[in-house]
Amino acid sequence: MFDSTYWLFAIPGLILGMYAQFKLMGTYSHYSRVATARGITGAQAARAILDGAGLQDMPVNEVGGHLTDHYDPTKKALFLSSENYRSHSIAAVGVAAHEAGHALQHKAAYAPLHLRMMMVPATRIASFAYVPLLILGAILGGAYFSKFIGIIIALFAVITLFQIITLPVEYDASRRAKAQLLSMGLVHPQESGGVSKVLNAAALTYVAAMVTSVLQMLHLISLARSRN
Ligand SMILES: [Zn+2]
């Protein structure tokens, strides 16, 4: 099944994925060396945004790892990587504000966030199930593969849909973050360009993942059609 057309569908996603990683590394490392004029840390920025939205009870926790920052909607808590938690940089404040942006979405019952949360269990199952099916299909070959391909495409459709719905959630969290940072005076207007660059570079990795999934899905569909 990994025929010559596989690469036709895989290469654009691979290139975009590498470009996105490269861009994020460069932008993040640049703006993690530029301090904000206000001099607040990522943790303080997140705290201020949460407090400003009436979320005083929501904890802002420090976690290990590089760019492991996330909002956990089930725990209703923010988790910031040590460097973003402690740093005064534009990158740290931007990322921390973005994660607070997810908490604001949750509070505002932003529909795409809820849809994304609802899709998490199905996406976990699909991501877990499609790999052994793909391998089994590849081992057993043509006739057996055609039996499985419908299921594989259905599982992959769930994963792809999840990645598509992730995009508005990510861009909206960044939009909310920038609005709060500016209106609360946590960053100066001339610094917001740097915040945008960091957050756009981070969002591009989600775009790349989505494009990769859509292309893989198209490849599976083209395989199914050629076998029928
Ligand atoms: Zn996010």
Side-chain angles (χ1 to χ4, degrees), residues 16-17 19-21 23-29 31-32 41-50 52-53 55 58-85 87 89-121 123-124 127 159-182 184 186-187 192 194-213:
L16 185 61
Y19 172 75
Q21 281 303 325
K23 179 101 184 147
L24 177 60
M25 264 165 50
T27 313
Y28 182 81
S29 78
Y31 285 103
S32 61
T41 63
Q44 287 168 329
R47 183 74 270 154
I49 292 172
L50 295 180
L55 297 168
M58 184 177 288
V60 178
N61 301 309
E62 183 177 353
V63 285
H66 178 64
L67 290 181
T68 45
D69 311 76
H70 64 282
Y71 167 65
D72 187 331
T74 57
K75 292 179 184 151
K76 292 198 169 179
L78 241 62
F79 294 87
L80 302 178
S81 61
S82 291
E83 49 192 329
N84 290 332
Y85 188 94
S87 165
S89 71
I90 286 180
V93 169
V95 171
H98 169 93
E99 300 311 335
H102 285 306
L104 300 190
Q105 290 175 330
H106 201 178
K107 193 188 173 224
Y110 175 65
L113 179 76
H114 281 267
L115 187 58
R116 189 178 186 273
M117 281 162 62
M118 271 163 46
M119 282 192 71
V120 168
T123 307
R124 281 217 183 107
S127 315
I159 299 168
T160 306
L161 196 63
F162 182 79
Q163 287 177 327
I164 291 171
I165 196 71
T166 294
L167 293 185
V169 175
E170 292 306 320
Y171 280 101
D172 178 82
S174 293
R175 187 187 60 74
R176 289 175 199 259
K178 280 181 278 183
Q180 292 306 309
L181 287 174
L182 279 173
M184 299 177 80
L186 300 171
V187 299
S192 79
V195 170
S196 296
K197 279 183 189 166
V198 171
L199 297 183
N200 287 340
L204 191 62
T205 63
Y206 291 104
V207 174
M210 189 275 286
V211 168
T212 304
S213 277

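Counting starts at 1 for both ligands and their atoms, following the listed order.
For Gln105, the side chain to side chain donor-acceptor pair (under 3.5 Å) partners two or more places apart in sequence, or in a different chain, are His102, Asp172.
In this structure, Arg176 forms no cation-pi arrangement with Tyr171, as its terminal cationic atom is not both closer than 6.0 Å to the ring centre and no more than 45° off the ring axis.
Closest heavy-atom contact between Val93 and Leu181: CG1-CD2, 3.7 Å.
When distances from the Zn ion (ligand 1) to the N, O or S atoms of Glu170 are compared, OE1 comes out shortest. Closest to the Zn ion (ligand 1) among the N, O or S atoms of His102 is NE2.
Side chain of Asn84 to main chain of Ala96: no donor-acceptor pair is present (N/O by atom type, distance under 3.5 Å, no hydrogens or angles).
The Zn ion (ligand 1) does not have His70 among its coordinating residues (no N/O/S atom, backbone or side chain, under 2.8 Å). The Zn ion (ligand 1) has no N, O or S atom of Glu99 closer than 2.8 Å.
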